[in-house]
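Take a look at the structure below.
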Amino acid sequence: MLFLKLGFIVNPIAGMGGKVGLKGTDGPRVLEKAIKLGAKPESPDKAKKALEILIPIKDKIKIITCLGDMGEEEAKELGFEVDVLDEMKGEKGPEYTEKAAAEMIDIGIDLLLFAGGDGTARNIYNAIGDKVPVIGIPAGVKIHSGVFANHPRSAGRIALKYIQDEDLQIKEMEVMDIDEEAFREGNVTAKLYGYMKVPFEPKLVQNQKSGGIVGEEAALDGIGDKIVEDMEPDVMYIIGSGTSTRYIMEKLDLPNTLLGIDIVKDRELVASDVNEGEILELIEGRKAKIIVTVIGGQGYIFGRGNQQLSADVIKKVGKENIQIIASKQKLRSLEGGPLLVDTGDDEVNKMFTGYMKVRTSYNEESIHKVKGL
């Protein structure tokens with residue numbers, strides 16, 4: 001019997017900085033800080049969600065993977081037979097990822113499935129370029145690259161379709177990354193590093209994030225006016241990240257954490273750049289509302305760049321107390337696609353499936369489809 005050789009790499013620390021507000025985990029000092037703040041590994045579970053989709057055909061694939069929690073443990077827990085790269089036992093980190101990916105190419109894998117964020121995608125690209133198709137399992141804080149599926153299970157579904165020879169088109173998709181240090185200071189400097197081949201399924205692959213659109217400033221200015229005008233006394237307003245929500249903080253004449261989460265009560269700043277734990281503590285026993293915007297070109301309202309707004313935070317606040325804001329131009333950039341929610345909690349994700357109002361200007365709201373992944 002012929003087996004498809006599936007490379008499988010998990011970056012176990014990817015995404016750990018999200019809920020604790022660190023905007024990434026590149027570098028040992030940042031990882032150490034994330035752990036001290038209570039961060040827990042999340043990418044192994046996301047990797048398993050992708051791999052679960054392949055269980056029905058596990059007898060038709062041979063998994064080539066890395067030692068321990070970089071792939072071996074996740075695959076074995078699901079009952080897969082694995083071949084482990086053992087020449088680099090004890091090694092971890094970006095250099096190990098690159099060495100492992102390069103060795104997999106030498107072995108002759110047919111497809112590489114990896115879990116991580118943009119930094120992991122860069123490591124994979126550095127090692128293999130466009131030599132073999134890849135599918136990224138979204139598990140990091142920074143996910144700007146087009147090589148990722150829109151959800152861990154979507155990554156598994158793409159792999160399944162590819163392995164079952166459903167004639168998927170192979171497209172060259174972008175590998176993007178940003179400077180984390182600049183990111184933590186509120187500056188987004190995205191750089192294109194190259195392209196990797198991805199089995200393309202439009203409904204399952206993530207779009208590359210798009211930037212602001214010229215002409216939307218007036219709409220956002222009006223949205224800011226309306227949100228501030230409607231603010232209720234003694235309510236904790238959790239202001240999400242992004243340039244759209246910045247207009248609200250400017251109307252309040254308050255400092256804004258562009259890529260973090262701020263909390264406002266009675267039009268005064270309560271806390272800046274808060275993490276998940278701080279949010280939960282501050283809103284305990286109080287009425288709270290969340291104001292979030294949409295990632296242009298992708299559609300995410302939760303789960304990308306605002307992991308501090310976790311499933312636990314959302315459950316405590318309540319769906320009825322969530323306000324979405326976005327200009328009409330930004331909604332058009334989705335080309336008819338739904339708004340997306342990927343909190344890592346299936347129950348919370350499903351809670352959003354349906355339709356929600358989106359404030360698009362001072363006077364207007366639209367009804368938009370929302371999909372929990």
Side-chain angles (χ1 to χ4, degrees), residues 3-16 25-26 31 40-128 131-141 143 145 147-149 151-160 162-163 175 196-199 344:
F3 292 91
L4 181 138
K5 293 181 181 178
L6 176 67
F8 182 55
I9 297 176
V10 178
N11 177 355
I13 67 170
M16 286 181 65
T25 44
D26 288 356
L31 175 59
K40 304 294 183 185
E42 297 187 12
S43 60
D45 286 337
K46 292 180 178 180
K48 285 191 288 186
K49 285 183 179 180
L51 211 55
E52 282 173 347
I53 304 297
L54 301 181
I55 288 176
I57 60 165
K58 65 181 180 181
D59 293 336
K60 297 180 180 178
I61 60 179
K62 177 177 287 186
I63 293 183
I64 314 297
T65 190
C66 304
L67 191 70
D69 59 1
M70 291 191 69
E72 177 190 19
E73 293 174 2
E74 294 85 351
K76 285 184 174 180
E77 282 180 30
L78 295 174
F80 287 88
E81 295 281 341
V82 301
D83 285 349
V84 179
L85 304 176
D86 59 6
E87 291 185 9
M88 296 170 279
K89 285 184 177 178
E91 294 188 41
K92 283 193 177 183
E95 291 185 1
Y96 178 89
T97 299
E98 293 187 14
K99 289 178 183 178
E103 187 172 340
M104 289 177 184
I105 291 295
D106 292 339
I107 290 171
I109 60 170
D110 302 291
L111 176 69
L112 177 56
L113 189 63
F114 71 91
D118 286 329
T120 312
R122 276 182 61 188
N123 297 143
I124 300 293
Y125 172 74
N126 289 341
I128 72 172
K131 293 178 182 177
V132 68
V134 305
I135 303 168
I137 302 167
V141 174
I143 305 178
S145 301
V147 300
F148 289 97
H151 185 272
R153 290 194 188 93
S154 295
R157 292 185 184 109
I158 297 169
L160 181 65
Y162 182 78
I163 292 167
V175 178
M196 289 196 287
K197 293 178 180 177
V198 177

Taking only Lys NZ, Arg NE, NH1 and NH2, and the carboxylate oxygens of Asp or Glu, determine whether Lys62 and Glu81 approach each other closer than 4.0 Å. no

Answer yes when Lys48 and Glu52 have at least one side-chain N-carboxylate O distance shorter than 4.0 Å, and no when they do not. no

Would you say the side chain of [Y] lies within less than 4.5 Å of the side chain of [X], judging by non-hydrogen atoms?
X      : Y      : answer
Asp110 : Ile163 : no
Glu74  : Phe8   : yes
Leu112 : Ile135 : no
Met70  : Thr97  : yes
Pro199 : Leu111 : yes
Lys5   : Ile61  : no
Leu6   : Ile109 : no
Leu113 : Leu51  : yes

Rounded to the nearest 0.5 Å, how far apart are [atom1] of [X] and [atom2] of [Y]?
X      : Y      : atom1 : atom2 : value
Leu78  : Leu54  : CG    : CG    : 9.5 Å
Lys131 : Ile105 : NZ    : CD1   : 6.5 Å
Lys99  : Glu95  : NZ    : CD    : 6.0 Å
Ile137 : Ser154 : CD1   : OG    : 11.0 Å
Asp45  : Glu77  : CG    : CD    : 8.5 Å

Check your understanding: Do Ile64 and Leu85 pass the side chain to side chain contact (heavy atoms under 4.5 Å, CB included) test, and can you show the C-alpha distance, the side-chain angles, and the key distance before you say yes or no?
Key -> CA-CA 7 Å; Ile64 314 297; Leu85 304 176; 4.0 Å; yes

Pairs touching residues 99-126 that satisfy ring-ring contact (aromatic ring centres under 6.0 Å, His included), sequence neighbours left out
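Those involving residues 99-126 are Phe114-Phe148.
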
(request) Give a yes or no answer on whether the side chain of Ser43 reaches the backbone of Asn11 with a donor-acceptor pair at less than 3.5 Å. (result) yes

Open item on the list: Using a 3.5 Å distance criterion without hydrogens, assess whether the side chain of Asp118 forms a donor-acceptor pair with backbone atoms of Ser145.
Closed with: yes

Between Thr65 and the options Val82, Val10, Asp83, the side-chain contact (heavy atoms from CB on, under 4.5 Å) test singles out Val82

Q: Apply side chain to side chain contact (heavy atoms under 4.5 Å, CB included) to the pair Met196 and Ile124, showing each step before the final yes or no.
A: CA-CA 9 Å; Met196 289 196 287; Ile124 300 293; 3.9 Å; yes

For [X] versus [Y], what's the shortest heavy-atom pair and its separation?
X      : Y      : value
Cys66  : Ala100 : SG-CB, 3.6 Å
Ala47  : Ala115 : CB-CB, 3.9 Å
Arg153 : Ile53  : O-CG1, 3.8 Å

Handout entry: Ile9 vs Met104, side chain to side chain contact (heavy atoms under 4.5 Å, CB included): CA-CA, chis, key distance, verdict
Key = CA-CA 10 Å; Ile9 297 176; Met104 289 177 184; 3.5 Å; yes

Contacts of Glu73 meeting salt bridge (charged side-chain N to carboxylate O under 4.0 Å, His left out) (sequence neighbours excluded), chain-then-number -> none

